[in-house]
Amino acid sequence: MQKTLKSHGTWIGKWTFVLAATGSAVGLGNIWGFPYKAGSEGGGAFVLLYLLCILLIGLPVMVSEILIGRRSGTSPINSMKKAAIDSNRSSSWQLVGWTGIIAGVLILSFYSVIAGLCLNYIFLSAASSGVVDAQTQFETVTQSWEGLLLWHSIFMILTLLVVSAGIKSGIERMVKILMPMLGFLLVFMVVYAILNGAFDKALSFLFSPDFSKVNSGTFLSALGQAFFSLSLGMGSIMAYGAYMPKEQKIMPTSFTVASLDTLVAIFAGLAIFPIIFAFGLEPNSGPGLVFESLQTAFNQMSYGKVGGPLFFILLSVAALSSSISLLEPGVAFLSEVGFLSRKS
Ligand code: PFF
């Protein structure tokens, strides 16, 4: 099978895989999704369930995906096919690779719209005079299909540019710039929240579990969040695993990626909730949490015109490093069967 497939390159150095996989894992799911879900599902108890799901279910699945990808060094479709053939199973196991690619494209269809909103908010937040309240502004922005289409298209063009440049010149080069930038921005936001927000209140909201609020729905939501946040089940991590150097150890690497991803989600909570509480806003406003509640706070605070755009740059950077990984499994498949050509 492998003879007819065009081969891919390998990441240079072991940190490239860590950066790329963390880039895939850290995204809107951590900075937009995790805080709003924790906020709506009662805080501490959700956070605890989420951590357990990451450790007990997410981490083993991540190890398996990387293992399958690295063994064959091909796209998820061909990796699954090879794993099945090597263990005398039906080659229809490659369907798992296909469903991953389809799911990735479906996710990208809404992911790019929210990421486009983040790009738009970099400018809206910098220009906001606070005269129009953040809720009305969010409604206006989300009701304009032309605006949504424009920002979604800009975001998709950025994603396509990176993926089409290939594994080394595109993805590897991009994550080496984006990830340190993201880490720096996030630490800056947390320090800002410690100095200007109600940090104690945020700590107790995130870390004092109230189990009376837990039901089967909370568990499902925490599990879904863990899978989404670690980029599992979509072939992204399997595709990146195919470019991992053979000598790199999978267990400790997966542990590092999962820990960094979790740390970013917790830091996002610690950056957002102190500000939400300091301005007397509710943590449970759902998907609009960062666009409405947080923007309301940015409108009222002294350096909000700097903090706001910085926060939305952070979100956009995180979204870009994830969206390239959503497209990579499909692009890797098309380039190995010779349908697309790109640099390795
Ligand atoms: N993990 C990304 C996030 O938390 O935003 C989203 C994601 C990327 C999901 C890649 C799935 C995937 F394959």
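First listed ligand is number 1; within each ligand, the first listed atom is number 1.
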Got a list of side-chain donor-acceptor pairs under 3.5 Å for residues 176-200, not counting sequence neighbours?
{"from": "Lys176", "atom 1": "NZ", "to": "Glu172", "atom 2": "OE2", "distance (Å)": "3.3"}
{"from": "Asn196", "atom 1": "ND2", "to": "Tyr192", "atom 2": "O", "distance (Å)": "2.9"}

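Counting only heavy atoms from C-beta outward, the side chains of Tyr243 and Ile171 never approach each other to under 4.5 Å.
Looking at Asn30, its side chain does come within 3.5 Å of a backbone N or O of Gly27 through a donor-acceptor pair.
For ligand 1, the 4.0 Å heavy-atom shell takes in Ser24, Ala25, Gly27, Leu28, Gly29, Asn30, Tyr111, Phe228, Ser229, Ser231, Met234, Ser236, Ser322, Ser325, Leu326, ordered by chain and residue number.
Among residue pairs with one or both ends in residues 321-342, those qualifying as ring pair (Phe, Tyr, Trp, His ring centres under 6.0 Å) are Trp98-Phe333; sequence neighbours excluded. Residue pairs meeting the ring pair (Phe, Tyr, Trp, His ring centres under 6.0 Å) criterion with at least one member in residues 43-93, sequence neighbours excluded: Phe34-Tyr50.
No chain of hydrophobic side-chain contacts below 4.5 Å, direct or via other Ile, Leu, Val, Met, Phe, Trp or Tyr residues, connects Met238 to Ile77.
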